[in-house]
Amino acid sequence: MTAAQHNVSDERLLSYAAGTLSPPEAVVVATHLALRPRVAAVARRLQGVGGRLLEELEPQAMQPDALARVLARAETDSGRVEAAPPANDMPGLPEPLRRYGLGPWRWMGPGVRVRDVHAPRDGDCRVILLEIQPGRQTPRHTHGGVELTCVLEGAYATEIQRFDVGDLEEAGEETLHQPRVVSDAPCLCVAALDGQILLDGWLGRIFQPFVKL
Amino acid sequence: MTGAVDDYGRLIEAVAATRDRDAFARLFEHFAPRLKAYLMRAGAPPGAAEDFAQDAMLTVWRKADLFDPRRASAATWIFTIARNRRLDALRRESRPLPAPEMSLALEEPEQPDALVSEAEEAARLNAAMSELPPEQLDLLRLAFFQGDAHSEIARKLNLPLGTVKSRIRKAMIKLRIALEPLRETP
């Protein structure tokens, strides 16, 4: 089991900086960056690359009245935009998650509960919070698609790796997943899930009809 | 280059401080045609790219007071606005999807020592970018403008995936934006 930090991959960070990551994944990566200032500094430098590339683009002529139209819209504008007040009941969440409403907690097996984060979906891909009690594991499952998980509290471990607060796990279709919580306190995670989770094993067969994740 | 960047930063500050329309007009003249080009590079038709550029510039007007010249150059800040709206704009014709309101303040609470030198940082980045081999710069443009995953870039350029990955990797290391050194730190 490795104790190294798990940071976002360069490729996914590049997509994040470029704005091409799906919105649910972008929410989870933004949360990861909020917990990892050094990685966030790299993201900021990448956005500097984007700024520089924007400067170098061959300009495309705007409509003759474009500026007048924007100024007319600015005229009717009430002015500056106030920052939206925090929208949920979990003040301990990192800032990128504070602005979204949360659904009710739902039971998902012994020691496991989930609630929806009302962030933008992308097809089947959506953001959830997952809370698992110490010593418990999620029902064994494989992934229908990409799963990105960021640890917010506590820690969990898979067969080969350990994930602590701030760590990001990037699981693909090939990953067989059976994380177990190894912290003394419950483990709280935010995840972007794509597709249905297929539960397997005897526990999964019992829960599958009831669990719509 | 650096002087011009600083200048645009001051124009944004003027918009924030006094709703200065002349300053905004100068920003518009420089950035709106580039924002339009940005969305057209992503495959949008000129009409949609025009709307996108106007909307993005209206956001510059409305959120100018969130601009912090110690943390980002004007171009970087405006790029961030553009990239936050990019997916939404590209998908608008097929189905609406609100983009997550990613922070225009560029996410992270800043470490005090990291605030030291945005100007130095920008100058260093500019120098490093002008030294990149053209084929590495091209790959970065594809990633930033077309929004291609590495596998798509490889298909389009008819290059092995490993070559694409290593070229992007080399570019990121030269720009000191690769994460790999961080990975080895516990």
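Residue numbering restarts at 1 for every chain, and letters A, B, ... go by the order of the sequence lines.
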Which bit of [X] comes within less than 4.5 Å of chain B, counting heavy atoms only: side chain, backbone, both or neither?
X: A:Leu21; value: backbone
X: A:Gln63; value: both
X: A:Ala119; value: neither

- Note on the structure: Looking only at B:Ala64, B:Ala32, B:Ala128, B:Ala53, most heavy-atom pairs under 4.5 Å shared with chain A are made by B:Ala32
- Pick whichever of B:Met40, B:Met57, B:Lys165 has the most heavy-atom pairs under 4.5 Å with chain A. B:Met40
- Identify which part of B:Phe28 has an atom lying under 4.5 Å from any heavy atom of chain A, answering side chain, backbone, both or neither. side chain
Does [X] make a cation-pi contact with [Y] (under 6.0 Å, within 45 degrees of the axis)?
X: A:Arg113; Y: A:Trp105; answer: yes
X: B:Arg19; Y: B:Trp61; answer: yes
X: B:Arg34; Y: B:Phe79; answer: no

- Query: Under 30°, 30 to 60°, or over 60°: which ring-plane class applies to B:Tyr8 and B:His30, parallel, tilted or perpendicular?
  - Reply: parallel
- Query: Just wondering, more than 12 heavy atoms not from B:Glu29 lying within 6.0 Å of its CD?
  - Reply: no
Chain B contacts, top residue of [options] (heavy-atom pairs, under 4.5 Å):
options: A:Pro59, A:Gly50, A:Gly51; answer: A:Gly50
options: A:Leu35, A:Leu54, A:Leu46; answer: A:Leu54
options: A:Gln60, A:Glu56, A:Arg69, A:Glu58; answer: A:Gln60

- Does B:Glu131 pair with B:Lys174 as a salt bridge, N-O distance under 4.0 Å? no
- Run through A:Asp89, A:Leu97, A:Asp116 and flag the one making a side-chain contact (heavy atoms from CB on, under 4.5 Å) with A:Leu102. A:Asp89
